[in-house]
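Down below is the structure, laid out as structure tokens.
Note on naming: letters A, B, ... go to the chains in the order of the sequence lines (proteins, then strands), and numbering restarts at 1 for each one.
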Amino acid sequence: MSEHTRLVRARRGLERRLFLKAIALGFSAPLAWQLCRSATAQAQEARPKRLMIFFTPHGMPPEHYNPVVNAADPASFALDQTGVGILGPLEPYKQYVNVLQGFQYPGASTHEGILTVLSNFGTSNDETTPRTTFEHVIANGLGAQPLVLGAVAHRVWGIDKDGKLIWDGQPVVPEKNPMLAFDGTFASTVDPQAVVKAQLREALTSLNERQLSSLSSELSLVTKAQSKLQVHLQAVQALRAGANGPQSCNPVPSLPAVESLRRAALGQPDEFFLSEDNFPALLAAQLEVAAQAIICNATPVVTLQAMYTNADINFAFMGSPGSHHSALSHTGPQAQGSGLALEPRIPFAKAQRWFFEQLVEHVVSRLMVPDPADPERQVIDNTIIYAFSEIGEGAWHTSKSQAIQLGATPNAYAYMPIVTIGGGGGALRTGRVLNVNPNAAGTDRPAGDIYLALSRAMGVQVSSFGNASNPLTEILV
Amino acid sequence: MSAAGSHRRVLAWVGASLLVALTACQAGGDGGPTQVVPAGSNPSNPGTPSNPSASGGSSAVVPEGPGSSTPGASEWTSQCASAEVGAPSLRRLTRRELEQSLRDIFPSLGAQWASSLSADSIGASGFDNDNELLVVSKQAAREISTTAESVGNNLAAAQASLLPCPAGTEAACAGQFLDGQGRRLFRRPLRADERSSFLEFWNTAFTATGDFGQSIGWLARALIESPEFIYRREIGVPGGAQTTQLSQYEIASELAYTFSGTAPSEALLDRAERAELSSPEVLVQTARELLMTSGHDLVHNFFDSFVGYSRITTIAKAGVAGFAERREQMLQETRHFIDEVVFVRGGGGRELLTADFTTPTQDLAAFYGFDGASLPQSDYALVPRPEGRGIGLLAQSSVLATLAQPNGSSPTKRGMWVYKHLLCNTVPPVPPNIPELKPPDPKLTTRERYETQHAVGSCQNCHGQWDPIGFGFEHFDESGRYRDEDQGKPVNAKSFVPQAGQHLFEFDGEEDLMTQLVEQPLVHECISGYLATYAFGEELGCGAETRRADFINGSIGFIDYLASLAGEPHFTQRQLE
């Protein structure tokens, strides 16, 4: 029996026992029920929770992606029976998996949707208006500093709209160097001058704040300067939040992909970490760092952006030769009978499956260990991995559920690829395919509804994300 | 014109050019009659990045026939009624500027300190110094703090040798540090109240640590994290008629960063103190000196951002033996080429695009299949390009390989680059439904494959605008090497340059394409627009006109045009909103 099923039954059992006790003590039934629900909710909130965002660009071909679902029971599904089975690597872990279908990214369009998909805000033409992506909303709500990682997440000369996935008011540039990420996350030196440094840091921050305020007054008539200074002041004030608390692993294990890359990167220029040649090694190392940060409770929020959109990395390294964007993802669907032919898009499907293979190898499988912060459970039980892409159908560049129709009748339905993995500290119902707009017949729900639910699962109450204000409670316990 | 008005005009230009481009895409490009558009006029392009008002801005003469050179270049006239002055602003230092400033202000630290700064946002123009995008985000604040800490810690460790201070005189030493390094960091002397505040902070640090070195380290951190270091002021003091006049120190800062990418030197600050930075002639002369002595990296950053060729070191061409180990050489070849064209020869657009030489290593020359006089005697020596093997910047393998697919050439990427960066057209948003680009077919040349695929449906409406330009580069494969055949068939590089459904001119191959392009005033107008945007960090429609005609007609090159921007009204004034 999976942990989640045990938990649900245990929770219901506990709730029933608590309810009966409350009744025995003379509480009214409604009040008794409220009390026991509150007790289990508190128990849930006490558990450690981590969120990991995992982005892969260019969508998924539905004929290789869509789970096979028992229409009568969404908890009865297969992830590895559709074409090459892009989600197949998750099949052994599917009790922790939710495949969410029927959602859209309002305002998003083609690959530029990367600008808006995680905030449910703005349009794909807008890369300047400040916004905050939902994982940063959660992190800010928790008073935590996310670990933002990338594997060739932007072009070598800077970050343009193709790379601006993560926002905290302004775009956040992912850390491209896994070794820096590892060393920064797991630095373990005890600083004897920590107290003095903290005092001086506070004095310095106060000095900066005074200067910014003074400058703002001086330049009161210069509108653009005012807005810049306001952003700067908020940023300086946020420095007070400082780093996350100490991580819980002692010692921190050596990570093989990180150490291998450390040796290979010796003496290399900075461009080494944005080189297409090194993409597989970079991704593996970053996934290892992400997993270890989760296991060691170094941060409650981790993001990993694998590639920028429109990246033309040659995927010959895993057996699908061709540039990922122009050649592979743009391979169009072809009809075969009433469905879609599998053969034409096998290379692209295998490339996208490779990402999930990497995720499982370096993260999911490694989270199947006792949680150091909650030893009676596994790390995966207290984690939510949110895997997605900025578009749905790779060639059609869909931003909402859409029938792929190459003849008189639909051949397949392409949904925005969204998967959650993990129990979320007991807050998530898992092990199902949830389709809120079957056959794209109706209206998609905004993805912000998912973000609201995940925020709630992580213990942060958010009322809206863009035009979304209706949390997807179907995935919440 | 107010900043808001300028902004609205830029938006109107963007909207107009987008509308025209979309209309052109939707109207379809079926090749049409071979009608040559008068050189210099560009019906589909309302203007360049810095010339939104111009509708080509030319009084060009109609050429005699396809492919003939035009005398129109010398007759270009600006459509700007007056010189534009931008709004007052605070410009955050870019990552490069901040790092270089610290290296120059603390040279004795060498490479001991580490920068934690992430890449800057790239603006619509392709540059990393877009004033609007450069803000101090939370991430930037953390990274500046970490960088400042690294500098401060290394200063602290080296204090005894860098700033020896007898016991009991620490306060005076700290004051000296403020007067020296503080002046360099703030690019002006500290005001009395600032000096007092920082000394007070220093005293707090000295008292808390009990160590003068550490206290100086903290003082340095405070100065580096100060907004007075992080931002370049371009505010000025009120003048007349809603304008402000930039102070001498603001001008010194602007000169230094615009033309050398780093903080002003002691000597330049001294000149500001003596109020010597006033006349346009002095400013232009100073700008030129800065460009020639310390502006190489800044100029190279322009061309790299303009073309994107530094990406060569990060891309793979699995099907080209020997490509991976030669990528760095290709990049250096291009840098040497630009040095020669821009700095040594003082060239402009014409020279950049039609230079008949290159600067390969001996290994690269062999890789390219060069022989005879084209084989260099030493690495990166200047050699003539073999006849028919391309000319100018766009024949550089770093450029051609970057503008290609991993497994083949790309007429779309190469043509689109010319369409956007030399003809200043706007590329419309990608439509939602894009069919696949089929892999190389042994029975079809790349051109045949692209022509077939992009003739499907609405693809031709857009691809018809730039693919024909790109066919001119088909003699160069995905690694930038010359080829006579593609898939066993002779390469066909005859094509035309489309403009608004007509043919601007026809050409045969890259050399012919470049030779004719440089006769178009529009090309030089477009390049000068990008230059001005890069220099100013923003688009000013009419802020760079004084020597634009000279750049367009070729009488001055890149260095002189860039330097001339220091003499523009915008360089010393701002218009209040």
Side-chain angles (χ1 to χ4, degrees), chain A residues 109-112 125 128 154-160 164 168-173 175 193 196 199-200 203-204 207-208 210-212 215 219 221-225 228-229 231-232 234-236 238-239 271 274-277 312-314 316 321-323 326-327 330-332 395-399, chain B residues 3 87-90 92 118-122 126 128 132-133 135-142 145 194 197-198 201 204-205 208-209 218 221-222 225-228 230-231 235 304-305 308 310-311 313-318 324 405-407 410 429-437 439 576-577:
Chain A
S109 176
T110 69
H111 301 299
E112 282 77 13
N125 294 328
T128 56
H154 63 81
R155 292 184 167 86
V156 68
W157 55 82
I159 184 164
D160 57 18
K164 293 178 181 176
D168 186 13
Q170 305 298 323
V172 180
V173 183
E175 173 57 64
Q193 294 193 319
V196 169
Q199 290 172 347
L200 292 177
L204 200 163
L207 177 59
N208 269 342
R210 291 196 298 276
Q211 290 181 84
L212 286 166
L215 196 53
L219 304 180
L221 296 179
V222 185
T223 309
K224 286 184 181 175
K228 279 195 181 186
L229 291 171
V231 170
H232 190 165
Q234 290 169 355
V236 165
L239 283 176
E271 289 76 18
L274 292 170
S275 174
E276 296 175 3
D277 286 342
D312 264 335
I313 295 176
N314 188 342
S323 54
S326 305
H330 278 183
T331 308
W396 287 32
H397 297 77
T398 55
S399 297
Chain B
S89 68
L90 288 177
R92 201 212 81 186
S118 296
D120 290 316
S121 277
I122 303 298
D128 62 0
E132 187 178 355
L133 298 181
V135 296
V136 180
S137 65
K138 292 178 198 173
Q139 181 182 25
R142 282 196 306 274
S145 177
E194 288 174 325
S197 290
F198 280 96
F201 175 77
T204 302
T209 62
W218 277 97
R221 290 175 65 171
E225 291 191 46
S226 168
E228 298 294 344
I230 293 170
Y231 295 106
I235 306 294
D304 189 10
S305 303
S310 67
R311 192 173 155 256
T313 61
T314 65
I315 60 177
K317 310 278 183 184
Q405 295 287 353
N407 55 355
S410 175
V430 173
N433 194 352
I434 300 180
E436 72 272 25
L437 178 66
L576 290 172
E577 296 162 312

Identify which of [options] forms the greatest number of heavy-atom pairs closer than 4.5 Å to chain A.
options                : answer
B:S118, B:A316, B:P227 : B:P227
B:E194, B:R221, B:E225 : B:E225
B:S145, B:S197, B:S226 : B:S226

Can you tell which part of A:A203 gets under 4.5 Å to a heavy atom of chain B, answering side chain, backbone, both or neither? both
Of the backbone (N, CA, C, O) and the side chain (C-beta and beyond), which part of [X] lies under 4.5 Å from a heavy atom of chain A, both, or neither?
X      : answer
B:S305 : neither
B:Q139 : side chain
B:I315 : both
B:I235 : side chain

Shortest non-hydrogen separation from A:N314 to A:G322 and the atoms involved: OD1-N, 3.0 Å
Would you mind checking if B:R311 and A:E276 are paired as a salt bridge, meaning a charged N to carboxylate O distance below 4.0 Å? yes
Mind checking whether A:H111 and A:H330 have parallel, tilted or perpendicular rings, split at 30° and 60°? parallel
Quiz question: by atom type and distance under 3.5 Å, do the side chains of A:E271 and B:T313 form a donor-acceptor pair? no
Please answer whether the main-chain N or O of A:V236 pairs with a side-chain N or O of B:K138 as donor and acceptor at a distance below 3.5 Å. no
